[in-house]
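Reminder, nothing fancy here: chain letters follow the sequence lines and each chain counts from 1. Everything quoted here is computed from the prediction, not taken from an experiment.
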2 protein chains.
Amino acid sequence: MINTKKIIIVDDHKIVRDGIRAMLLCNKSFSVVGDLASGKELFQQLNSLTPDIVILDIGMPEMNGVEITGKLNREYPAVKVLILSANASEDWIVSAIKAGAVGFLPKECSSGELIKALRHISRGENYYGESIASIIYRSYVNILRDKESPKRTEELTERESDVLKAFSEGLSFKEIADKLCISPRTVESHKINILNKLELKNTIEMVKYAIKNGIIDL
Amino acid sequence: MINTKKIIIVDDHKIVRDGIRAMLLCNKSFSVVGDLASGKELFQQLNSLTPDIVILDIGMPEMNGVEITGKLNREYPAVKVLILSANASEDWIVSAIKAGAVGFLPKECSSGELIKALRHISRGENYYGESIASIIYRSYVNILRDKESPKRTEELTERESDVLKAFSEGLSFKEIADKLCISPRTVESHKINILNKLELKNTIEMVKYAIKNGIIDL
DNA sequence: GATGAAGTAGGTGAAATCCCGTATTTGGTT
DNA sequence: AACCAAATACGGGATTTCACCTACTTCATC
């Protein structure tokens, strides 16, 4: 094989990294040039490792997969991103695609499918996995039907993120106010905005959203 | 090697299962006779696969690793259990050991450590991993100092579990009352008991507890 | 048959949150 | 310069939840 593609794996669990590494060991088209535990490490080593493809766990503490994908796409547009996700929710798929991922697989996928995805990606194609594809299709149909329904992925402002994070840590209005040095009423305003934007109905759904989207760790 | 140990891997992510499989492929002391996605499948196939060791992910929907361990220990005491956990909290370690796990590793462990653990376990020894060992030591010291502090792992009653589950779904007192056909005040009583038992300070911590312990899925 | 745990239910007052608003300042865009 | 979105802040009343109790019933266990 003339053109071996260089791959970096980013996942906070070493066992997953080793696992993927082991899967690709027998395959001559791909060579794993690094496996890292966080986005921070990735950006530190990106220039020296010069990967073609980055395999990215979406659910990581600190910087989540979507954020990393966005930054990669802005600063290193030649690097392709394949996202791995524990639970393939529509939200995450949409965010990942928006951020520039060219592949998306559930962690339930087989090693065969992983290699298939990598092949497609190295040919410059997209690959989204069968189970993902059906979710994308459904989402697409929804968009066509409702004209404009992709409100779900509306972005939170910086401040709203702070508030969301604080709520998810179990703080009360007053505690959040103190922490962020604003009035409790302002915290309330932010919260209402968050709930409206994300179409959630209460604090608990908000916390679950935050966990799902890697905004806080458990 | 005369005595090859038979291993089953249980994890809800195929990629992790395949990864561990791949890691053990080169090792003649251990052969993976099955990899399964849930406790249910495990108990269906246990009699035909007759494993020596079960590698168990602690964080799974439906039946979590601790429950599976307990059931295994009661019904198949010859089968050794090695727990893998994403986040190695004291609570989980304590629960796992109580339930009868003879090994406990964080998912951040290396493949080398995994094999080391399996070697110890097949010799009939316990193995808890370096990072785990320090947590165990600290917990042990606490128990010695406080005479009796392991209140943390106190069990919830059936009804309390129902209430916890309902709260975690984002229902209010009134909604839970309707759902369980009891008075809102009773729901309140249950909730207070839950918070006290688990030493949590509010609903949000409760929800996070429920997610962490696999009582609800995200 | 006493004891205790689990499940049920309620009282009361305080605290927190929700839900409807309005208003000012700041920073960026056109 | 005009405009808009974001962030900040507040009001008032309704509703919900919290905290700390008491109390009854059932059921198993000793």
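Contacts between residues 167-181 of chain B and DNA chain D, counted as heavy-atom distances below 4.0 Å, involve B/Ser172, B/Phe173, B/Lys174.
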Grab the N/O contacts between the protein and nucleotides 10-13 of chain C below 3.5 Å, and write none if there aren't any.
from	atom 1	to	atom 2	distance (Å)
C/dG10	OP2	B/Ser183	OG	3.0
C/dG11	N7	B/Arg185	NH1	3.3
C/dG11	N7	B/Arg185	NH2	2.9
C/dG11	O6	B/Arg185	NH2	3.1
C/dT12	O4	B/Arg185	NH2	2.9

Close N/O contacts between protein and nucleotides 4-6 of chain C (under 3.5 Å):
none

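B/Thr203 and B/Lys191 form a side-chain donor-acceptor contact under 3.5 Å, judged by distance and modelled atom types alone.
Judged by the 6.0 Å and 45° rule, B/Lys116 forms no cation-pi pair with B/Tyr127.
By the side-chain hydrogen bond (donor to acceptor under 3.5 Å, both in side chains) test, A/Lys5 is found to be paired with no residue, residues two or more places apart in sequence or in another chain being considered.
Regarding A/Asn193, its CG atom lies at a distance of 14 Å from the C1' atom of C/dC20, rounded to whole Å. Put simply, CD1 on B/Ile192 is 15 Å from P on C/dG7, counting in whole angstrom units. One can place NZ of B/Lys191 at 18 Å from P of C/dA9, the figure rounded to the nearest angstrom.
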**Message:** Please encode protein proximity along nucleotides 24-30 of chain D as a string of B, S and -, counting only heavy-atom distances under 4.0 Å.
**Reply:** -------
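Summarising the geometry of A/Leu164 relative to A/Met206, their closest heavy-atom pair is CD1-CG, 3.3 Å, with the distance given to 0.1 Å.
Axis angle between the ends of the helix from C/dG1-D/dC30 to C/dT30-D/dA1, five pairs each and rounded to 10 degrees, works out to 40°.
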